[in-house]
Amino acid sequence: MLFSYLDSIRYECHSILGTYPKVYFPLLSFLSNRKRNQRRILNDTELVLEAFPRSANTFAVYAFQMNQAKPIKIAHHLHVPAQIIAGVQQSIPTLVIVRQPENSVYSTIIRRNIRRGTTISAKQVLRSWIRFYESLIPYQSGFVVATFEQVTTDFGLVIER
């Protein structure tokens with residue numbers, strides 16, 4: 001019970017702090033593991049590819065990498081707006097994937113609850129989904145948006161855009 005409550009607080013903090021690049025990235029460097037830090041924007045990043053969790057991020061990263069003549073340094077899988085905002089501010093090509101909220105929310109709840117054995121509410125995840133995409137509105141001219149369906153059915157067209 002206590003672990004579930006603490007996980008819920010951690011989830012909420014991540015969602016809120018993830019909208020502020022100047023706060024999120026120093027915390028990420030301090031608190032996070034090496035794997036997560038390798039997925040963030042670095043000096044050699046060539047593409048930012050981000051989305052709310054369970055929105056075809058993994059599919060898009062692998063599909064993109066498989067079709068490149070040489071490895072491309074992609075910032076991905078932090079699942080926070082800070083990564084997208086930083087990409088736009090640094091003029092790095094950025095792709096944002098959007099999945100219908102109900103599908104993304106339910107999939108996120110199922111994955112987190114099975115994987116961690118904790119319970120986060122649909123209300124909390126939906127609030128996080130809204131926060132994620134609302135925080136990107138001021139930066140929308142700096143990135144390409146693709147839907148989950150576009151990414152999973154015609155990713156080549158998405159990349160052309």
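FYI, side chains are in, hydrogens and waters are out, and symmetry mates aren't considered; it's all heavy atoms of this structure. Position 1 is the first residue of the sequence; numbering continues from there.
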Query raised in the report: More than 12 foreign heavy atoms under 6.0 Å from OH of Y20: is that the case here?
Result: no
Query raised in the report: Under the 3.5 angstrom rule, does the side chain of T152 hit a backbone N or O of F148 as a donor-acceptor pair?
Result: yes
Report task. Over 60° means perpendicular and under 30° means parallel, so classify the ring planes of W129 and F52, tilted if in between. Result -> perpendicular
Query raised in the report: Quick check: are there more than 12 heavy atoms from other residues, nucleotides or ligands sitting under 6.0 Å from CG of D44?
Result: yes
Query raised in the report: So, for L47 and T45, which heavy atoms are closest and what is the spacing to 0.1 Å?
Result: O-CG2, 3.4 Å
Query raised in the report: Okay, side chain of Q90, backbone of G87: is any donor-acceptor separation there less than 3.5 Å?
Result: no
Query raised in the report: Distance-only, no hydrogens or angles: does the T94 side chain make a donor-acceptor pair with backbone N or O of I92 under 3.5 Å?
Result: yes
**Report entry** Donor on one side chain, acceptor on other, R54 and S107, under 3.5 Å
**Finding:** yes
Query - Exam field: side chain N57 to backbone P53, donor-acceptor pair closer than 3.5 Å - result: no
Report task. Say whether, by atom type as modelled, one donor and one acceptor occur between the side chain of S128 and the main chain of Q124 under 3.5 angstrom. Result -> no
Query raised in the report: Donor-acceptor pair, E46 side chain versus I74 backbone, under 3.5 Å?
Result: no
Query raised in the report: When clusters are formed by joining ILVMFWY residues with side-chain heavy atoms under 4.5 Å apart, either directly or through shared neighbours, do F59 and L95 land in the same one?
Result: yes
Query raised in the report: Under 3.5 Å, side chain of Q65 to main-chain N/O of I72, donor-acceptor pair present?
Result: yes
Query raised in the report: Counting N and O atoms only, with roles assigned by atom type, does the side chain of E50 sit under 3.5 Å from a partner on the main chain of H79, one being a donor and the other an acceptor?
Result: yes
Requested in this report: For the pair Q68 (side chain) and F64 (backbone), establish whether a donor and an acceptor sit closer than 3.5 Å, ignoring hydrogens and angles.
Outcome: yes
**Report entry** Over all atoms of both residues, closest heavy-atom pair of A56 and I97
**Finding:** O-CD1, 3.8 Å
Query raised in the report: Has the side chain of H76 got a donor or acceptor atom that lies under 3.5 Å from a matching backbone atom of V48?
Result: no
Query raised in the report: Looking at S55 and S104, what are the two nearest heavy atoms and their distance?
Result: OG-OG, 3.6 Å
Query raised in the report: Below 4.5 Å, heavy atoms only, C-beta onward: do Y139 and Q89 meet side chain to side chain?
Result: yes
Query raised in the report: Can R127 and E12 be said to form a salt bridge (Lys or Arg N to Asp or Glu O under 4.0 Å), step by step?
Result: CA-CA 9 Å; R127 188 172 51 241; E12 196 71 20; 3.2 Å; yes
